[in-house]
Every structure is written in structure tokens, then in C-alpha cells.
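Take a look at the structure set out below.
In what follows, every chain begins at residue 1, and chains take the letters A, B, ... in the order their sequences are listed.
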Amino acid sequence: MRYTLTREEKLKSRKLIGRLFEEGSSLSEFPLRMIYLQTDYTSDYPTQVAFSVSKKRFGNAVDRNKIKRLLRECYRKNKYILYDKLNDKYIIMFTFIDEKHYKYVELEEKMIQLLDKFLKKEKKE
RNA sequence: UAAGUAGUUCACCUUAUCGCUUCGUAUUUGCGGAGAGGAAAGUCCGGACACCAUAGAGUAUCGUAGUGGGUAAUACCCAUCCGGUGCAAACCGAGGACAAGUGCAACAGAAAGUAUGUACAGUUAGGCUGUAGUGAAACCAGGUAAACUCUACGAGGUGCAAUGCUACGUAUAUUGGAGCUUGAGGGCUACUCGUCCAAUUCCAAGGGGUAAGCAGCUAAAAUAAUGCAGUAAUGCAUUGUUCAGAUAAAUGAUAAGGCUUCUUAGGAAGUACAGAAUCCGGCUUAUGAACUGCUUUUUUU
RNA sequence: UGGCCCAUGGUGUAAUGGUAACACUCCGGUUUUUGGUACCGUCAUUCAAGGUUCGAGUCCUUGUGGGCCAA
């Protein structure tokens, strides 16, 4: 398993994102929150993801970019958790819901917890 | 030494691993190159570029305003005169015209415009002259134009979500109105003119679909050094440099070392303001550190 | 990204360059045995900082916050 995150794995379609917010379900592990939906799309990868930080919580573009980059890095390092276990295709949007800055190590820990939580829930169903 | 004032420079660095965007080359995921700012910001001005008719005329509207120069252009820059602020260095100024016309002037004051009253003084008198008092303004051809206006100069409009092309998809549903060469309507601010286009068409209501890709898209009014012209802004010549191009939107993470700062050796932090979105020139605002010139005051010699 | 607007008591609106007005609300008082009604009073650095002016809510400039339009 290579630790990459290519263009194909990013959620870009405006239509899919619209559907995600209308029909998707959510799960949170403070300060992270994920919205996910099982659906079909053209790419071969098992998930497509996007990252979002609210403009209300971080007014500066510099801070928003910084957090989005950290989140992307966390996901990139730990996406094998999902890729090994998932059978269906999912689209996921991660949002950041705190007003403080976090370090990379802290965020990575939270990300792993959140992904585990997600897997448990989906397997039960 | 303190305070002030004008300006200049920098914006942690190196290596390794993993990853992102993009270009080149190879081809099967390799190899190599490039990858945020002085303000990328605000959008306050000016252009380039594109379309709108060939981009036209007049009026309206808006902007600018000492003088001279620079520039693609400007509300910018340079020089200088005048006025103002400051002890000074220095800084600020929409700084043309009220001797064309119109309007306005609270309170105070005799009077704020059809100007010229009162008291006192000078003079023999008539009258004339001066002073006082109110006020921002009454030194009379009065004050006021960031009041209307006039003068000079400038501005056609819309903006890369411009514009051109490809692909996918739908509904020529329906209703109302206008018109078919004696002209509906359109040609992107308002009116008038002029001119061009114009018929399975145009307008309104209401509804449906799409929202994917390519071009535009980054090498230029670019920048550095030297020489010449010029007080300067700047221009010209020669030589060198190649410097982001994404689109739910690339610049990140980890480790080691150096450097700096903080701290009780351990250790912690890498700082301020802040993230390209068609591209340039300015202005304005936000902001850390270091250095230099000048002014004033105090102390010492 | 580009373009265009707005800001006055707690709320909604006024105001030729010359004392910031009106309605409702809140609070205090008077009237009433008490409450309501009625009457009286209080509540403003006119978004911020500069400029023009004798004098700016008003005119000009810059900023702050909010809103609208354009596939």
C-alpha cells in the first residue's frame, strides 16, 4: 500500500457534494466530523473524500489552508484502514468544528479513532 | 541618552524520506526541472486584452484642477512656487474663476446686500475722513464654488462568470401580447440623432435541462548590472536571468543538523501581518526585526 | 473573481450645512387599594478615523461591518 492521495480520490463533483449534504449521515469525534454516503461513481478507488473548514471559525485563508492540509495529510497516512475493509463505494466530507489550532500528532490520533468508529458502524448495518 | 522624523534591507536556512500541482523526457510508473507575497488583501485609481457596429455625433452625467516635467496611462511619481502645521528635522494641501449669472449666511450685530446706522474725534459749516462695537466674514469690485455654476482638460459601454469552441441534456410543453418588409424587435448607462442587422421571429408569465472539458492562461509597458542624458522622476544602449498557473482549487508532513529567542542544565518555540485565481503600473490599509541619515532636549568632554 | 448598495436611541423611521425629531420598547416617577390605561421624565461620541467649512448626521477621502447582482 502506497501512501498517496491522487486526483481520482478527491471528491470534486458539484452534484455528488449536493447529494451528500442532502442524503448523507454524519459521525463525529471532536474536533472532527464526517459526512458520508454510500453511492456509485466512475473512479476505481473505494472512497472519494473532501475536506472543509468553516469561514466563520477561521477568518483567515492562511489558517483554513493550514488545517485543510493537515487533515489531508492525516487521511493520506491512515486511509489504509478503510481501503482494507470496505466493500462498497463511499463519498466522505470531513469538516473541522473547533476554533482552536491543533498539532499534527493530535489530529492524526483523532482521525484514526474516527475512521475506526465509522467502520464499526457500517459493519453492524 | 531619550523623543521625534525620513528612508533602506530582510521576512529562518540546509539535507533526507513520504506526498501534492505542473512541465519535459521516457514509457509503465520511473527520471529530471519548476512551484505564494511585500502586501498575493482592500478594489480606491489607471491601463493592457476581449466583445459590443466601423466604436460615430450632440446633450446629460461623472472625474481632474498652482506651474513645469515623467509615463502606456492615472487621482501616481519627480522638481518647484504659494498656503498651513511643527521649537526643528520634516509633513500636509480637490491650490483655476465670486471683475458672467443664481443661491446661501444660525446666533450676535444698526446693517450679511437695495450696503453704510450710532457714538466719539478731526475740519468754521455742509459734507468728508478716521476710530470704536458684533461676527467666521462688514479693510466694498465684501464672504462662500469638497453651493449651483463658469473655464480648461479627460471619460462610448461592459467586463476573463469577457469571449470562442466541443460534449452532454431538455420542452418547438402551456398561457398572454406584438410583428412578418408601409418593420415587431435588437446592436449592453439615460435621451436625441445617425447608421447597421432583422422573420419557424421577438417580449412577458410559468416551467424544464445543464452546471463537463479545451482555448483565453501566463515571457512581460519584466528584472539585475554597467555606461550615457537629465537637478530628479525617468529614458536610451549593451550584457545577463527565465520567474506559479490551480479550478470543492497545488506549496504540506516527519526526522536530523545549524542559527536565533525563551528557560532552573532538562526542555520549549521559530515568531508579525498574511495564501496567487486574466495580467500589469500605482495608491491605501495590516504588520515583525535590523540598520542608516537628520532634528530637538539633557548629561559629559 | 468582477460589479453595485447600505449603516442615526434597544427596534422601526425623520431631519435645506445652523439646538439630532417621531412612534414603539425598557427603566424611573405621578395618578390608583393593586394592576392596566393615561400623563411626565430618562436612554445617541449619528459605524470608525481624517479633511473642507466659522460650523458637518448631511460635502469629500480612507477604513470597518452588513447586504445585493452576474455562470
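The side chain to side chain donor-acceptor pair (under 3.5 Å) test applied to A:Gln38 returns A:Asp88, not counting sequence neighbours.
For the pair A:Arg64 and B:G275, the criterion of a side-chain N or O lying under 4.0 Å from OP1 or OP2 is not met. An OP1 or OP2 oxygen of B:A253 is reached within less than 4.0 angstrom by a side-chain nitrogen or oxygen of A:Lys66. Between A:Lys77 and B:C20 there is no side-chain N or O to OP1 or OP2 distance below 4.0 Å.
Taking the P atoms as reference points, B:A249 lies 14 Å from B:A212, given to the whole Å. Nucleotides B:G101 and B:C81 place their C1' atoms 33 Å apart, quoted to the nearest Å. Rounded to whole Å, the P atom of B:U284 lies 11 Å from the corresponding atom of B:A39.
Minimum atom distance to the side chain of A:Ala61 is reached by B:G275, of the listed B:A248, B:G275, B:A269. Of the candidates B:U254, B:A248, B:A36, the closest approach to any side-chain atom of A:Arg69 belongs to B:A36.
Below the 3.5 angstrom threshold, one finds no donor paired with an acceptor across the side chain of A:Arg72 and the base of B:C20.
Each of A:Lys103 and A:Val49 was matched to the nucleotide of RNA chain B holding its nearest heavy atom; the match closer to the 5' end belongs to A:Val49. Between A:Lys10 and A:Asn65, the one whose closest nucleotide on RNA chain B sits nearer the 5' end is A:Lys10.
With its glycosidic angle more than 90° from 0, B:G35 is assigned anti. A glycosidic torsion no more than 90° from 0 defines the syn conformation, and B:A36 adopts it. Syn is the classification of B:C243, since its glycosidic angle stays within 90° of 0.
Ring pair A:Tyr75/A:Phe51 is perpendicular by interplanar angle, where above 60° counts as perpendicular and below 30° as parallel.
Between A:Lys77 and A:Glu73, at least one side-chain N (NZ, or NE/NH1/NH2) sits under 4.0 Å from a carboxylate O, which counts as a salt bridge.
Rounded to whole Å, the distance from CZ on A:Phe51 to P on B:G252 is 17 Å.
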